[in-house]
Enquirer: 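Right, I'll just put the structure down here and ask away after.
Quick note on labels: first sequence line is chain A, next is B, and so on, each numbered from 1.
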Number of protein chains: 2
Amino acid sequence: MGVKSNLAEEREQAEPPLLDSLIGYRLRRASNRMTSDFLVTVSPLALRPALFAMLEGIRTTPGIIQMALGTELGIQRANLVPLINELTGRGLVARRAAPNDRRALSLFLTAKGEELLDRAEKMVLEHEERTLAKLSKTERAKLLELLSKVATDVDA
Amino acid sequence: MGVKSNLAEEREQAEPPLLDSLIGYRLRRASNRMTSDFLVTVSPLALRPALFAMLEGIRTTPGIIQMALGTELGIQRANLVPLINELTGRGLVARRAAPNDRRALSLFLTAKGEELLDRAEKMVLEHEERTLAKLSKTERAKLLELLSKVATDVDA
DNA sequence: TATTGTTATACTCTATAACTATA
DNA sequence: TATAGTTATAGAGTATAACAATA
């Protein structure tokens, strides 16, 4: 209970900004920064993050139906439609009727889509390398692991 | 070079999805999930992430001018204007002419703004607790540390 | 009844250019 | 000439409701 100097009082009053301790906030800032760099990096191919993710999802599971792709990527099926239209319109993706369910549409990469995605992947890996230069391999693995624990319910 | 079983071949072909190893992608998914939960949690106060961050920024530095607040939060000054209008229109923030620069406007929380922010902070902390339940204290601290290394240039 | 794809619509945040008034 | 605030506008992603065709 001693007398305090002005400096000590100031130090007591100035609590550390709450924002800096909020993971949600820091997550948003980091994500925005990477998205911004992604857009610039991949702009020569006219691919945005959502389009790139969709191409990757189709490559991983050729013939996947729209509904399943949406679930996999966390994109509502209503929002998926115009994106797929964009990809088919550019000749990167083909829609075919699903064999067992006449409601569903299967998605495939065209040869052109495969080629573009190959080029995109190289750009994206460079983009990650550049934006994550401050992180070691171990730190990157740790970050991926921690991020996967954030998205709890559907993701895993 | 031995003969391979079909299973082994399949295992070789099925590479792990590239998306799962991309920090940018995982960051976006995790951020979206937390933003979504934030919106639901704080909706009783009609605060969105950007508005909450601005109130926090003003609380941390009372009298901060708009330009500085934008830089601090990574929000372009053009986008800041309608957000501040919203806050002043609701009586949460007051704009006053800055003493030394007649171009600049200083920002302060009103009593109503202080009260609302107090309530918002409690909600946000509960929101973080709920969405990050899978992470230990140590893991949360590590995640914050790693995230701060992603936003390189301006942030630090 | 439930599900798949679709359309329409609104909201949140971000980005750029150009203008004004001050500095 | 540079900066602070402002206006206008566009883009990217997300959310909800409702409908037709099919299961």
Enquirer: Within the structure shown, what part of the strands sits under 4.0 Å from A:Pro82 by heavy-atom distance: base, sugar-phosphate, or nothing?
Expert: nothing
Enquirer: Are any of the side-chain nitrogens in B:Glu86 or B:Arg48 under 4.0 Å away from the carboxylate oxygens of its partner?
Expert: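 Salt bridge present between B:Glu86 and B:Arg48.
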Enquirer: Rounding to a whole Å, what distance do you find between A:Leu107:CG and C:dG5:C1'?
Expert: 11 Å
Enquirer: Whole angstrom is fine here: how far is it from CG in B:Leu51 over to P in C:dT14?
Expert: 11 Å
Enquirer: Just to verify, what does A:Pro17 make a side-chain contact (heavy atoms from CB on, under 4.5 Å) with, not counting sequence neighbours?
Expert: A:Asp20, B:Thr60
Enquirer: Distance check: side-chain N/O of A:Gln76 vs OP1/OP2 of D:dA15, anything under 4.0 Å?
Expert: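 The answer is yes; a side-chain N or O of A:Gln76 sits under 4.0 Å from OP1 or OP2.
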Enquirer: Figure out the CD/P separation between B:Gln66 and C:dA21, and round it to whole Å.
Expert: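 Interatomic distance, CD of B:Gln66 to P of C:dA21: 17 Å.
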Enquirer: Answer yes or no: does a side-chain N or O of B:Arg48 lie under 4.0 Å from OP1 or OP2 of D:dT14?
Expert: no
Enquirer: Relative to the 5' end of DNA chain C, which residue comes earlier, A:Ser36 or A:Ser106, by the nucleotide with the nearest heavy atom?
Expert: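 Here A:Ser106 is the residue nearer the 5' end.
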Enquirer: How many Å lie between CD on A:Glu86 and P on C:dT6, as a whole number?
Expert: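 Taking atom P of C:dT6 as the reference, CD of A:Glu86 is at 15 Å.
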Enquirer: How close or far is atom P of D:dG13 from atom CE of B:Met34, stated in whole angstroms?
Expert: 21 Å
Enquirer: Below 4.0 angstrom, N of the basic side chain to O of the carboxylate: do A:Glu121 and A:Arg59 qualify?
Expert: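 A salt bridge links A:Glu121 with A:Arg59.
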Enquirer: Taking atom C1' of C:dT6 as reference, at what distance in whole Å does atom CD1 of A:Ile65 sit?
Expert: 14 Å
Enquirer: Quick check for you: among D:dT7, C:dT7, D:dA4, whose closest atom lies nearest to any side-chain atom of A:Asn85?
Expert: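 Given the options D:dT7, C:dT7, D:dA4, the side chain of A:Asn85 is closest to C:dT7.
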Enquirer: Any base atoms under 4.0 Å from B:Leu80, or only sugar-phosphate, or nothing? Heavy atoms, all strands.
Expert: nothing
Enquirer: Rounded to the Å, how far apart are B:Arg103 CZ and C:dC19 P?
Expert: 19 Å
Enquirer: Start at the 5' end of DNA chain C and walk down; is the nucleotide closest to B:Asn100 or to A:Ala68 reached first?
Expert: A:Ala68
Enquirer: Please determine, for the side chain of A:Ala78, which listed nucleotide (C:dT6, D:dA2, D:dT22) has the closest atom?
Expert: C:dT6
Enquirer: Under 4.0 Å between a Lys/Arg side-chain N and an Asp/Glu carboxylate O for A:Arg140 and A:Glu129?
Expert: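 Looking at A:Glu129 together with A:Arg140, the answer is yes, because their closest N to O distance falls below 4.0 Å.
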Enquirer: Counting heavy atoms from C-beta on, name the nucleotide in D:dG13, C:dA2, C:dG5 closest to the side chain of B:Asn32.
Expert: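 Of D:dG13, C:dA2, C:dG5, D:dG13 is nearest to the side chain of B:Asn32.
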Enquirer: Choosing from D:dG13, D:dA23, C:dC13, which nucleotide comes nearest the side chain of A:Asp101?
Expert: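 Looking only at heavy atoms from C-beta outward on A:Asp101, the closest nucleotide is D:dA23.
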Enquirer: Is the phosphate of D:dA20, meaning OP1 or OP2, less than 4.0 Å from a side-chain N or O of A:Arg102?
Expert: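 No, no such contact exists.
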Enquirer: Which residue, A:Glu126, A:Arg130, A:Glu128, forms the side chain to side chain donor-acceptor pair (under 3.5 Å) with A:Thr41?
Expert: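 Exactly one candidate clears the test, A:Arg130.
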Enquirer: Please report, rounded to the nearest Å, how far the C1' atom of D:dT16 is from the CG atom of B:Leu39.
Expert: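 Between C1' of D:dT16 and CG of B:Leu39: 14 Å.
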Enquirer: Closest nucleotide of DNA chain D for B:Met67 versus for B:Asn79: which of these residues is on the 5' side?
Expert: B:Met67
Enquirer: When all nucleic acid strands are considered with a 4.0 Å heavy-atom cut-off, which category describes A:Leu105: base, sugar-phosphate, or nothing?
Expert: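 Sugar-phosphate contact only.
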Enquirer: Kindly give the heavy-atom pair with the smallest separation between A:Phe108 and A:Pro62, and that separation in Å.
Expert: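 Where A:Phe108 meets A:Pro62 most closely, the heavy atoms are CE2-C, 4.0 Å.
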Enquirer: Looking at A:Arg28, I'd like to know whether one of its side-chain N or O atoms comes within less than 4.0 Å of OP1 or OP2 on D:dG13.
Expert: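 Negative; the distance criterion is not met.
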